[in-house]
Structure formats: C-alpha cells, structure tokens
Amino acid sequence: MPSRESHERLTALLDPATTVLLTVECQQGVVGPDSALPELAAAARSSGALANIARLVAAAHESGVQVMHAVAESRPDGRGGNRNARLFHAAARLPVQQHTGSTAVRVAPPIEVADEDLVVRRLHGLSPLAGTDVDPLLRNLGCRTLLVTGVSANIAIPNAVFDAVNLGYTAVVPADAIAGVPAEYTPAMVRNTLALVATVTTTDAVLGCWKRPRRQGAAATPA
C-alpha cells in the first residue's frame, strides 16, 4: 500500500490543471476484436489494460484532465510512411490495415472519446510524439505531466516515455494500463527501463488522485 507521502507526491504530479492523459494506439485495428495484431489485442484485454485505460479516461473526463488519443494510421498508397525497418514491411502485409478514415483507426471501446478530447493522427514513425503535433499541443495546454497509457510496451510506449522525458515533461506510467507481447515482457520492461525515467504507478493510485466533480457538457463522441 502506498505511503501517504508517496500518495501526496503523486497527487501533486497529477494536478488536473497540468496533466494530460495520453492513450497510445488504442484503436480498433490494434486492440479491437478485428485487430491486425491479435496477440497484442488479446494481451491488452486479458491483462485488464484496456479496461483500465477506459477507467482512466472516464475519470479524466470527470476530473477536468485533458485527454489526448494518439492514433497510428497510413494512407492506402503508403505515401509518407516509413520503410526503414522490418516492422514497417511486416505491417504492410497484415490483413488489417490502419488506413486513414477506416474503422481500424477509430478509438476502440470501451474507451470513450469526449468532445473536448484531442485526437492526434500520425502517418510515420514509431513514436506518438516525434514529428507530430503532440508536443506543441501539450505546451499550449500547459502540460507538465504526461500520463502514458496504451500499447505496445514493446515499441510505442517506451518511445513515448523517452520522448516525453527528453522534451522536459514528467512521465507517469500506470503499469496496469499498458500492454505488450509476450505478456511477461511488459513487467520486465517497466521494471528495468521505464522505472528509470518515469514514475511508475497503478490505475487505482491515479484514480485516487482525481476526485473532482464531473464537468458539465462532456459528451462522448466517436473519434
């Protein structure tokens, strides 16, 4: 059980006025029932990570914390996308493609997208921050702490955390709100890598820091 001191420190870090909750690649073509990566989708659901992300998003909406959804997509002609790693070549051959405008790039249930959420889409790279609008948007929002959730613990999540730290943000990672494959890799990566650069916590600990009443007029809409 966390000490009162650690709870107070986390509460200060997660001040709703200066915190943004980032969901990474929580889209139907990645974590949904018809995922291009069924093993990853199964891990996100069976581990409880996807459900925990939905809980965090709902609490953020109630507490006045800005939510941002980072979506990876591609053009049908592949124009502008990377071809400089095995991962990109493998992704191009998958039966489900993350094409712009398709169902695959819509934020997946049970996560709800509210009118005030920001959805940032990228056509390239491995990180939701590098070369995208995320950093300037965070700065304009007055963000100091980036709460990172989503998939995968193999690639996009560590990329997001490293980029956030390099850009001067404090990164917080609820370890039960990220997923990767194989399942045993995620806790090892968190313990040996992310814990060195981010504040590692749990979904319940974050929820315990956000206790503001629900804002009026926050309606859920599709991404």
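Hydrophobic clustering of Ile, Leu, Val, Met, Phe, Trp and Tyr side chains at less than 4.5 Å, counting indirect connections, unites Leu50 with Val113. By the criterion of side-chain heavy atoms lying less than 4.5 angstrom apart, applied directly or through intervening Ile, Leu, Val, Met, Phe, Trp or Tyr residues, Val200 is grouped together with Val197 in one hydrophobic cluster. The cluster map of Ile, Leu, Val, Met, Phe, Trp and Tyr, joined by side-chain heavy atoms under 4.5 Å apart, puts Leu194 and Leu14 in different clusters. Clustering ILVMFWY residues whenever any of their side-chain heavy atoms sit less than 4.5 angstrom apart, transitively, puts Val20 in the very cluster that holds Leu129. Linking Ile, Leu, Val, Met, Phe, Trp and Tyr residues whenever their side-chain heavy atoms come within less than 4.5 Å places Val71 and Leu40 in a single cluster.
A side-chain hydrogen bond (donor to acceptor under 3.5 Å, both in side chains) check over residues 190-199, counting only residues at least two apart or in different chains, returns nothing. Every pair passing side-chain hydrogen bond (donor to acceptor under 3.5 Å, both in side chains) that includes a residue from residues 26-38 is listed here, sequence neighbours excluded: Gln27-Gln98. Contacts classified as salt bridge (charged side-chain N to carboxylate O under 4.0 Å, His left out) and involving residues 50-61 (residues at least two apart or in different chains) are given here: Arg55-Asp204.
In this structure Pro182 satisfies the side chain to side chain contact (heavy atoms under 4.5 Å, CB included) test together with Glu184, Tyr185, sequence neighbours excluded. With sequence neighbours excluded, the residues satisfying side chain to side chain contact (heavy atoms under 4.5 Å, CB included) with Ser102 are His99, Ala104, Val105. In terms of the side chain to side chain donor-acceptor pair (under 3.5 Å) criterion, Arg45 has no residue partners (sequence neighbours excluded). Contacts of Arg9 classified as side chain to side chain donor-acceptor pair (under 3.5 Å), with partners at least two apart in sequence or in another chain: none. Scanning for side chain to side chain donor-acceptor pair (under 3.5 Å) contacts around Glu39 gives an empty result, with sequence neighbours left out. Listed by chain and number, the residues in a side chain to side chain donor-acceptor pair (under 3.5 Å) with Asp133 amount to none (sequence neighbours excluded).
Distance check, rounded to the nearest 0.5 Å: CG of Leu123 to OG1 of Thr100 gives 5.0 Å. To the nearest 0.5 Å, the span separating CD1 on Ile53 from OG1 on Thr23 amounts to 7.0 Å. Met68 contributes atom CE, which lies 5.0 Å from atom CG of Leu118 (distance to the nearest 0.5 angstrom). Gln66 CD to Leu21 CG: the interatomic distance, rounded to the nearest 0.5 Å, is 9.5 Å.
Nearest approach of Ile111 to Val107, heavy atoms of both residues: CG2-CG1, 3.7 Å. Across every non-hydrogen atom of Ser47 and Ala43, the tightest pair is OG-O, 2.7 Å. Between Ala179 and Thr186, the shortest heavy-atom contact is C-OG1, 3.8 Å. Closest approach of Val134 and Pro128 over heavy atoms only: CG2-O, 3.1 Å.
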Under 3.5 Å, side-chain donor or acceptor atoms of residues 154-178 against the rest of the protein: list the pairs with distances, not counting sequence neighbours.
unit_1: Asn154; atom_1: OD1; unit_2: Val181; atom_2: N; d: 3.0
unit_1: Asn154; atom_1: ND2; unit_2: Val181; atom_2: O; d: 2.5
unit_1: Asn159; atom_1: ND2; unit_2: Ile155; atom_2: O; d: 2.9
unit_1: Asp163; atom_1: OD2; unit_2: Ser127; atom_2: OG; d: 2.5
unit_1: Asn166; atom_1: ND2; unit_2: Phe162; atom_2: O; d: 3.2
unit_1: Tyr169; atom_1: OH; unit_2: Asp135; atom_2: O; d: 3.2
unit_1: Tyr169; atom_1: OH; unit_2: Asp135; atom_2: OD1; d: 2.6
unit_1: Asp176; atom_1: OD1; unit_2: Thr203; atom_2: N; d: 2.9
unit_1: Asp176; atom_1: OD1; unit_2: Thr203; atom_2: OG1; d: 2.9
unit_1: Asp176; atom_1: OD2; unit_2: Thr203; atom_2: N; d: 3.4

Indicate every side-chain donor-acceptor pair of residues 84-96 with a distance under 3.5 Å to a residue at least two apart or in another chain.
unit_1: Asn84; atom_1: OD1; unit_2: Asn82; atom_2: ND2; d: 3.1
unit_1: His89; atom_1: NE2; unit_2: Arg83; atom_2: O; d: 2.9
unit_1: Arg93; atom_1: NH1; unit_2: His89; atom_2: O; d: 3.4

Identify every side-chain donor-acceptor pair in residues 141-148 under 3.5 Å, counting partners at least two apart or on other chains, and give the distances.
unit_1: Thr145; atom_1: OG1; unit_2: Leu13; atom_2: O; d: 2.7

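Taking a cutoff of 4.0 Å between a charged side-chain nitrogen and a carboxylate oxygen, Glu25 and Arg122 qualify as a salt bridge.
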*Could you go step by step and tell me if Leu56 and Leu207 meet the side chain to side chain contact (heavy atoms under 4.5 Å, CB included) rule?*
CA-CA 7 Å; Leu56 288 165; Leu207 297 179; 4.0 Å; yes

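Distance alone, capped at 3.5 Å, places no donor-acceptor pair between the Thr11 side chain and the Cys209 backbone. Of the possible polar contacts, one joining the Asp117 side chain to the Ala114 backbone as a donor-acceptor pair under 3.5 Å is found.
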